[in-house]
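Encoded as structure tokens, the structure appears first; notes follow it.
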Amino acid sequence: MTYVVTDNCIRCKYMDCVEVCPVDCFYEGENMLVIHPDECIDCGVCEPECPAEAIKPDTEPGLESWLKLNADYASQWPNITSKGTPPDDAKAMDGVEGKLDKFFSPNPGKGD
């Protein structure tokens with residue numbers, strides 16, 4: 001099992017999760033974070049830290065595509081271990097439907 005970041009992180013990107021991760025398995029995209037599934041130790045401390053409730057265990061049904069997206073972009077984006085500033089419109093974007101198709105950016109973030 002691993003944890004995955006799902007669509008509600010897109011354009012919310014609160015980053016509270018990165019500071020509690022004991023193995024630094026978060027990677028930063030331009031407008032979301034992902035978890036490297038091979039580095040995640042399944043401790044679960046990140047899940048309750050996410051204000052957008054975007055982190056889920058990969059055992060939940062229907063998350064296969066999110067596991068693949070997390071794995072793919074974790075190998076392309078820079079590692080992030082400290083909390084940054086969320087986007088100005090993060091609160092307004094929390095809960096918006098269809099964010100993957102409408103807003104996802106494959107571009108890397110800044111990382112640490």
Side-chain angles (χ1 to χ4, degrees):
M1 186 180 91
T2 186
Y3 283 81
V4 296
V5 180
T6 61
D7 62 338
N8 206 40
C9 183
I10 299 169
R11 288 192 52 187
C12 283
K13 195 173 147 184
Y14 287 111
M15 297 180 275
D16 299 63
C17 52
V18 301
E19 291 198 325
V20 298
C21 181
V23 293
D24 300 331
C25 66
F26 281 89
Y27 291 80
E28 183 183 18
E30 181 177 36
N31 66 4
M32 80 172 289
L33 304 174
V34 294
I35 294 172
H36 195 302
D38 294 334
E39 295 174 3
C40 177
I41 60 170
D42 313 324
C43 67
V45 297
C46 59
E47 186 180 18
E49 294 298 317
C50 180
E53 299 181 2
I55 300 173
K56 307 286 182 191
D58 74 339
T59 54
E60 285 191 16
L63 293 181
E64 296 82 10
S65 64
W66 286 105
L67 179 59
K68 181 173 178 3
L69 184 141
N70 276 245
D72 290 348
Y73 286 99
S75 67
Q76 299 173 38
W77 292 347
N79 187 247
I80 184 167
T81 60
S82 58
K83 182 179 176 180
T85 305
D88 292 338
D89 63 346
K91 190 167 273 199
M93 291 302 296
D94 191 352
V96 170
E97 296 290 321
K99 293 201 290 185
L100 179 63
D101 293 332
K102 294 176 190 173
F103 304 112
F104 175 75
S105 169
N107 298 324
K110 297 175 185 165
D112 286 338

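- Nearest heavy-atom pair across L67 and P37 is CD1-CB, 3.8 Å.
- Enclosure of atom CG in D88 is not indicated, since only 12 or fewer non-hydrogen atoms of other residues, nucleotides or ligands lie within 6.0 angstrom.
- Members clustered with V23: I41, by chain and number, using a 4.5 Å side-chain heavy-atom cutoff among hydrophobic residues.
- Judged as a side-chain hydrogen bond (donor to acceptor under 3.5 Å, both in side chains), the pairs with a partner in residues 3-22 (not counting sequence neighbours) are, in order, N8-D94, N8-K99, R11-D89, K13-E28, D16-K83.
- In terms of heavy-atom proximity, C9 sits nearest to L33 at SG-N, 3.4 Å.
- Nearest approach of I35 to C46, heavy atoms of both residues: CD1-SG, 4.3 Å.
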Quick one: do C40 and C25 satisfy side chain to side chain contact (heavy atoms under 4.5 Å, CB included)? Show the steps, please. CA-CA 6 Å; C40 177; C25 66; 4.0 Å; yes
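- Nearest approach of P48 to G44, heavy atoms of both residues: CD-O, 3.2 Å.
- V45 and V4 fall into different hydrophobic clusters, where Ile, Leu, Val, Met, Phe, Trp and Tyr residues are linked whenever their side-chain heavy atoms come under 4.5 Å apart, directly or through other members.
- For the side chain to side chain contact (heavy atoms under 4.5 Å, CB included) with H36, the lone residue among F26, Y27, W77 that qualifies is Y27.
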Using the side chain to side chain contact (heavy atoms under 4.5 Å, CB included) rule, take M32 and Y73 through it: C-alpha gap first, then chi angles, then the decisive distance, then the call. CA-CA 10 Å; M32 80 172 289; Y73 286 99; over 6 Å; no
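- With a 6.0 Å radius and a threshold of 12 heavy atoms from other residues, nucleotides or ligands, E60 has its CD atom above the threshold.
- Partners of D24 by salt bridge (Lys or Arg N to Asp or Glu O under 4.0 Å), not counting sequence neighbours: none found.
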What verdict does the side chain to side chain donor-acceptor pair (under 3.5 Å) test give for N31 and S105, after you've listed the backbone C-alpha separation in whole Å, the side-chain angles of each residue and the deciding distance to 0.1 Å? CA-CA 6 Å; N31 66 4; S105 169; 5.1 Å; no
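- No chain of hydrophobic side-chain contacts below 4.5 Å, direct or via other Ile, Leu, Val, Met, Phe, Trp or Tyr residues, connects V18 to V20.
- Closest approach of P78 to G109, counting heavy atoms only: CG-O, 3.3 Å.
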